[in-house]
A.B. asks: 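Below is the structure I would like to discuss, written out as structure tokens.
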Amino acid sequence: MIPVDVLESLAAEMVDYQKTGLSLVEVSHRGAVYGRVHTETITLIRELMSVPEDYSILLLGGGATLQFSMLPMNLLPTGKRADYINSGAWAYKAIGEARKAGDVNVIYDGVDENYTNLPDPKSIKPSPSAAYLHITSNETIGGLQWKSFPEFQDVPVVADMSSDILSRSIDVSKFGLIYAGAQKNLGPAGVSIVIIRNELLARSPRNLGSYLSYSVHAKANSLYNTPPVFPIWGMKLVLEGVKKQGGADVVASANTRKAAKLYEAIDTSEGFYRCPVNKSVRSDMNVVWRLQNEKLEARFIEDSTNAGLIGLKGHRSVGGCRASIYNALTEEAVDRLIAFMADFSAKNK
Ligand SMILES: *Cc1c(COP(=O)(O)O)cnc(C)c1O
């Protein structure tokens, strides 16, 4: 979801941006008007995520999916291996793409437990001379979220934070690289954020295609080519809203409250609803649950849609139900869902 006031600002200024007589989506990306939007967006990310000075913030096209490939192309040299944690559908995709680029070692595989659990970060041992360790901080489809992160002396930790970026405070200095498609928590689709420790930029091979090189984008401050102007503008407005709200900690406490209520409703339903995910790793962003059988699940989806509760169907690969309760989804919306769930279980017990 995108906050309504952000959508309204985009609509109001679409034709005439800040009385310049032009739309932001038609001015030059090298001009002063867009330049301010670009710089302010990067500054807001740095401020709201407390990104240390020795990290670059890149704004790229291609979605998080491009990062599945770009990451190993830049950070995984021949002769080294990259460690991956397979925690669900998105980690699995990241692994598949990395295998096309180099040598990959899956050091924890959650598939045996049907992706209902994550490893204890302290128990993780990287392979000897691993180029990096990749995790997916929030598994959007399975509804799992890392609550603390692995940390090593000499192996950079890389995280796909597409579905929980800026939903809580994290210590960026503990990561070598963080990437995220913006569209789940931060704005319109079309832009991804990459936050990379500067010393890792030296790993980008010189013979890599220019757009694929982190080093090229960092040197050009993400203006090597035309950046995705519209989603960056939308993201800037979302970030300004997060800042006005009080920052990541304030957003996080609202998110925790929203998720806790919903899990509580599931866990106290006397088995009518059931969350398959281990309690210690349940996501605050994507809450998944099952009903006793698929017929009842289909009825739940139908009735909830008719009641104006949209998008509760679980991903087609796993079935069941899922509420994506990203930053911009209000607590009132969660309350409405909980009330609907109580009503539905009373009628269908
Ligand atoms: C949505 C998602 C992606 C894919 O993002 P695109 O921008 O569509 O490529 C990758 N990883 C995670 C965790 C996601 O939730």
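Start at 1 and go down the list; that is how both ligands and their atoms are numbered.
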A.B. asks: Is ligand 1 under 4.0 Å from a heavy atom in the side chain of T65, in the backbone, in both, or in neither?
C.D. replies: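 Both backbone and side chain.
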A.B. asks: Closest non-hydrogen protein atom to atom 11 (N) of ligand 1, residue and atom name please, with distance?
C.D. replies: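 The answer is D160 OD2, 2.6 Å.
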A.B. asks: Any idea which atoms of ligand 1 are less than 4.0 Å away from a heavy-atom of K184?
C.D. replies: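 Taking each heavy atom of K184 in turn, ligand 1 has 1 (C), 2 (C), 3 (C), 14 (C), 15 (O) under 4.0 Å.
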A.B. asks: For atom 15 (O) of ligand 1, what's the nearest protein heavy atom and its distance?
C.D. replies: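 That would be T140 OG1, 2.4 Å.
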A.B. asks: Establish, for the pair K174 and W146, whether the NZ or CZ atom is under 6.0 angstrom from the six-membered ring centre and no further than 45 degrees off its axis.
C.D. replies: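 Because its charged atom misses either the 6.0 Å distance or the 45° angle limit, K174 does not stack over W146.
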A.B. asks: Which ligand 1 atoms does N138 reach within 4.0 Å, using its non-hydrogen atoms?
C.D. replies: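 Answer, ordered by atom number: 13 (C).
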A.B. asks: Using side chain to side chain donor-acceptor pair (under 3.5 Å) as the criterion, point out the one residue from Y108, Y132, Y92 that pairs with Y84.
C.D. replies: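 The side chain to side chain donor-acceptor pair (under 3.5 Å) with Y84 is passed solely by Y132 among Y108, Y132, Y92.
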A.B. asks: Which of the numbered atoms in ligand 1 are under 4.0 angstrom from any heavy atom belonging to G63?
C.D. replies: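 Within the 4.0 Å cut-off of G63, ligand 1 contributes 7 (O), 9 (O).
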A.B. asks: Report, in ascending order of atom number, the atoms of ligand 1 lying under 4.0 Å from any heavy atom of A64.
C.D. replies: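 Listed by number with element, the hits are 3 (C), 4 (C), 5 (O), 6 (P), 7 (O), 9 (O), 10 (C).
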A.B. asks: Just jot down the ligand 1 atoms closer than 4.0 angstrom to any heavy atom of Q183, in number order.
C.D. replies: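 Reading through ligand 1 atom by atom, the close ones are 5 (O), 6 (P), 7 (O), 8 (O).
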A.B. asks: Quick one: pull up CG in L200 and OG in S56 and give me the separation to the nearest 0.5 Å.
C.D. replies: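 Interatomic distance, L200 CG to S56 OG, rounded to 0.5 Å: 10.5 Å.
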A.B. asks: Nearest 0.5 angstrom please: R282 CZ to C275 SG, how far?
C.D. replies: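 SG of C275 is found 4.0 Å from CZ of R282.
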A.B. asks: Is D54 salt-bridged to R197, cutoff N-O under 4.0 Å?
C.D. replies: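 Not counted as a salt bridge, because no side-chain N and carboxylate O are separated by less than 4.0 Å.
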A.B. asks: Can you name the one residue among K243, R46, K236 that meets salt bridge (Lys or Arg N to Asp or Glu O under 4.0 Å) with E40?
C.D. replies: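 It is K236, the one option of K243, R46, K236 that forms the salt bridge (Lys or Arg N to Asp or Glu O under 4.0 Å) with E40.
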